[in-house]
Protein chains: 2
Amino acid sequence: MKNNLKQRSLKLHEDNRGKIEVISKIRVETSDDLSLAYSPGVAEPCLKIKDNPEDIYKYTAKGNMIAIVTDGSAVLGLGNIGPHASLPVMEGKAILFKEFAGVDAFPICLNTQDPEEIISIVKNISPSFGGINLEDISAPNCVFIERRLKEELDIPVFHDDQHGTAIVTIAALINACRLTNRRLEDLEVVLSGTGAAGSSIARLLKDVGVKKVYGYNMEGVILKSKYDNYSFSEKELIDQSVISFPTNLQNDSLKALIENKDVFIGVSAKNLVTKDMVRSMNKDPFIFAMANPDPEISVEDALEANAYIIGTGRSDYPNQINNVLAFPGLFRGALDSKSTKITESMKLHAAKAIAYIIKDEELKRDYIIPSPFDKRVVKAVAKAVSDEVIRLKIYRK
Amino acid sequence: MKNNLKQRSLKLHEDNRGKIEVISKIRVETSDDLSLAYSPGVAEPCLKIKDNPEDIYKYTAKGNMIAIVTDGSAVLGLGNIGPHASLPVMEGKAILFKEFAGVDAFPICLNTQDPEEIISIVKNISPSFGGINLEDISAPNCVFIERRLKEELDIPVFHDDQHGTAIVTIAALINACRLTNRRLEDLEVVLSGTGAAGSSIARLLKDVGVKKVYGYNMEGVILKSKYDNYSFSEKELIDQSVISFPTNLQNDSLKALIENKDVFIGVSAKNLVTKDMVRSMNKDPFIFAMANPDPEISVEDALEANAYIIGTGRSDYPNQINNVLAFPGLFRGALDSKSTKITESMKLHAAKAIAYIIKDEELKRDYIIPSPFDKRVVKAVAKAVSDEVIRLKIYRK
């Protein structure tokens, strides 16, 4: 079956020679068509834009066009396969933007992994685009690149690998609480993986009201005493009090940390969590084990160890934490509201919108996340994001 | 009427919010679709490309996708209006590629006019593209940029403003000769404008067999004695004996140069040529006055002065020298034949293919150039170009 999927995917890609196509929205069949769409008529929108730069959104496709930018350094679970081999993923992303949210998206695969060069290129190609979706760029470069581009561009910039998972994880957590009548404020959360995605999850957890987020990375529990060893973004999590420090731990193992906690969120590595560790958690724990393609603990093991809610990145199990629930609607809302940026609060509103697609009475242990094919999701996310842009007044005039 | 065109063009652009759209070639309606087009199935074409870089042409849209790259420095007749204001033109170009030749094309408007930076950016974004169409970049940068990119990239690179006009002009000249039973070898040609486009015309004139091409620029007739004053590309034309030097000229004016010549080709400025100047030429002269939007001499004046063939850049007169006759078929042929470059001989074969669309018995003074809407043009150009690629063995293996 898995092999079958591989062969079918290859055939699909080969038969169609890739997945995207650039088409005309208007007819060009007569001399008159040509003189309107091209020379000499096209001079007119050009001159309008020259006189009033904002008119580029009126007369061109820019306002609905985003660049999917990668350096091929951290592609899916495949690692640093480079810009050429990453193109099928970027085309895939582009068609998801279009099919799910009507957003035009074009893959830009960069033949450099130098962060300064990437920043400079994205700034230089930005006139054609109304937004930038950074994709599959490895940490810590991705954090640095996104931050600089957010500062230096006046269009929305978003690194999906950092924030997409975070948004959907928060949506799942909100619904796990709704289903079990727990309060986000009361949860004690263990976050395994404090890289780019983990950092974004930690921040959104705090934003949504969670008080206690404990961190764990490959070297052990995140502790103030080990501050000097940490990466730039881990230090930030500590400096900004996003991460809490556990007290009275026997040692700095995940096993010691997870005991008596309510939630495990993993964006780390497979098989980190054992059944005994789940059993040592507080009653009816939530397990979001999102290591790809194999989770920190298998769904079967987690169930056996009495996890109450289990979410993974996998499409073959319930509660898939799938970024496609977030990024299409997020950009749809940002573009529609003429937003100049993507803020933390826009992400938070996106998460809430995803969660509340499911009504109280519909929530179940294996249905805390809506289907990516639920047509209501994009609309709800776009509206929530757009409303927030208007509230924050961060739109182009 | 002209005003009407402007208003209609603005409305067309505004109603459609620009002219291009990026769509999916495949369905994404079910979970299975998603797992084939995106994760996890998409990993398979990625891995194939990682193992065999040539497979990018098999599994992605790269092989039919070109970038339309501009820095906005010389847009239409509008000058240096910058990358933002140039976007309507680049989108227009993109839809012409698609509508005329089925080539996917995407506008990349660059926020820099530094040649080294442009070269570096185009090289860095090239993984997504099967060809590069440089557009509306001012001279001399365009010559330098094109040359470097041709050397440093393994995909076709073409600056339409230099070579597009040249190809169609040569096609027109071939047909003017066919109609009047003259031989290209016997023609004495005055070329007004020896910048980027003029240089390309001069080279193709020599390639097609014209023996005598005299040059004129804003400072006067091109003469060996003024060598030190010339631009890099004018010096090259002299060094490579592309330009001939007139003898016994009374002075270095265009008026003196044009006397007793057979052909005037202008890519220079309006109203340079008077009726008296045309009358001083050899009998039944050919006038290709392509300054935009106003030609070197009006069609009415040239007719009155007994020009036999008159071609201009204007769509409202016969014999429009329109680049759209060349670039779609040229890239179609280059992409179909997996060419790694665009050579002079490919351009020459494109010119001949355009010319011979019109049969001997169909040729008329006001029909030496086929209509851009003649469906045979793209096919004939693509085939001629593709055949030449195969003959030269410059295709990817």
Side-chain angles (χ1 to χ4, degrees), chain A residues 5-6 8-10 12-14 16 18-26 28 31 35-46 49-50 53 56 58-61 76 78 81 83-85 87-89 91-92 95 98-99 104-112 121 124-125 127-128 293 315, chain B residues 5-6 8-10 12-14 16 18-26 28 31 35-46 49-50 53 56 58-61 76 78 81 83-85 87-89 91-92 95 98-99 104-112 121 124-125 127-128 293 315:
Chain A
L5 180 76
K6 289 182 183 178
R8 286 166 60 221
S9 179
L10 284 179
L12 180 81
H13 284 83
E14 186 173 355
N16 294 284
K19 291 172 290 198
I20 60 166
E21 184 176 4
V22 183
I23 64 164
S24 175
K25 294 199 270 193
I26 62 175
V28 193
S31 210
S35 66
L36 290 171
Y38 202 63
S39 179
V42 72
E44 210 52 25
C46 292
I49 296 166
K50 183 172 170 250
I56 193 170
K58 189 168 170 185
Y59 296 117
T60 77
L76 288 175
L78 306 173
I81 60 174
H84 295 87
L87 185 50
V89 175
E91 289 188 4
I95 69 173
K98 184 67 170 183
E99 294 293 298
D104 295 304
F106 192 84
I108 301 288
C109 301
L110 296 177
N111 218 350
T112 173
I121 293 169
N124 276 319
I125 65 171
S128 305
S315 59
Chain B
L5 179 76
K6 289 182 184 178
R8 285 167 59 221
S9 178
L10 284 179
L12 179 83
H13 284 82
E14 186 173 355
N16 294 284
K19 290 172 292 199
I20 61 167
E21 185 175 4
V22 182
I23 65 164
S24 175
K25 294 199 270 193
I26 62 175
V28 193
S31 212
S35 66
L36 290 172
Y38 201 63
S39 180
V42 72
E44 211 51 25
C46 294
I49 296 166
K50 183 172 169 248
I56 193 170
K58 190 169 169 184
Y59 297 117
T60 77
L76 287 176
L78 305 172
I81 60 174
H84 295 86
L87 186 50
V89 175
E91 289 188 4
I95 69 172
K98 185 66 170 184
E99 293 293 298
D104 295 304
F106 192 84
I108 300 287
C109 301
L110 296 177
N111 217 351
T112 173
I121 293 169
N124 276 320
I125 66 171
S128 305
S315 59

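Note that these values count all heavy atoms, side chains included, but never hydrogens, waters or copies made by symmetry. Proteins get letters first, then strands, A, B, ... in listed order; numbering begins at 1 in each.
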Options B:Gly92, B:Cys46, B:Ser31, ranked by heavy-atom pairs under 4.5 Å with chain A, top entry: B:Cys46
Using non-hydrogen atoms and a 4.5 Å limit, figure out which bit of A:Ile108 sits close to chain B: side chain, backbone, both or neither. both
Is it true that a side-chain atom of A:Asp104 and a backbone atom of B:Glu21 form a donor plus acceptor pair closer than 3.5 Å? no
Option in A:Ser39, A:Ala105, A:Pro40 with maximal non-hydrogen atom pairs under 4.5 Å from chain B: A:Ala105
Drop me the distance from A:Ile125's CD1 to B:Ile125's CD1, to the nearest 0.5 angstrom. 6.5 Å
Which bit of B:Glu91 comes within less than 4.5 Å of chain A, counting heavy atoms only: side chain, backbone, both or neither? side chain
In terms of heavy-atom pairs under 4.5 Å with chain B, the winner among A:Val89, A:Ile23, A:Ile56, A:Ile121 is A:Ile23
A:Pro53 versus chain B, heavy atoms under 4.5 Å apart: side chain, backbone, both or neither? neither
Whether B:Ser128 side chain and A:Pro107 backbone form a donor-acceptor pair below 3.5 Å: yes
Which answer fits B:Glu99, side chain, backbone, both or neither, if we ask what part of it has an atom under 4.5 Å from a heavy atom of chain A? side chain
If you tally heavy-atom pairs under 4.5 Å against chain A, which of B:Leu87, B:Leu12, B:Val22, B:Asn16 wins? B:Val22
Measuring heavy-atom distances to chain A, does B:Ile20 have an atom under 4.5 Å in its side chain, in its backbone, in both, or in neither? both
Among A:Cys109, A:Ser315, A:Pro83, A:Gly41, the residue with the most heavy-atom pairs under 4.5 Å to chain B is A:Cys109
Answer with side chain, backbone, both or neither: which region of B:Lys98 has an atom nearer than 4.5 Å to a non-hydrogen atom of chain A? side chain
Any sub-3.5 Å donor-acceptor pair from B:Lys19's side-chain atoms to A:Ala37's backbone N or O? yes
At a 4.5 Å cut-off on heavy atoms, which part of B:Leu110 comes close to chain A: side chain, backbone, both, or neither? both
Tell me whether A:Lys50 contacts the main-chain N or O of B:Ile81 through its side chain, where contact means a donor paired with an acceptor under 3.5 Å. no
Shorter than 4.5 Å, heavy atoms on both sides: which option in B:Asn124, B:Ile49, B:Ile95 has the most such pairs with chain A? B:Asn124
Does any heavy atom of chain A fall under 4.5 Å from the side chain of B:Leu10, the backbone, both, or neither of them? both
Option passing side-chain contact (heavy atoms from CB on, under 4.5 Å) with A:His13 (candidates B:Thr60, B:Val42, B:Leu36): B:Val42
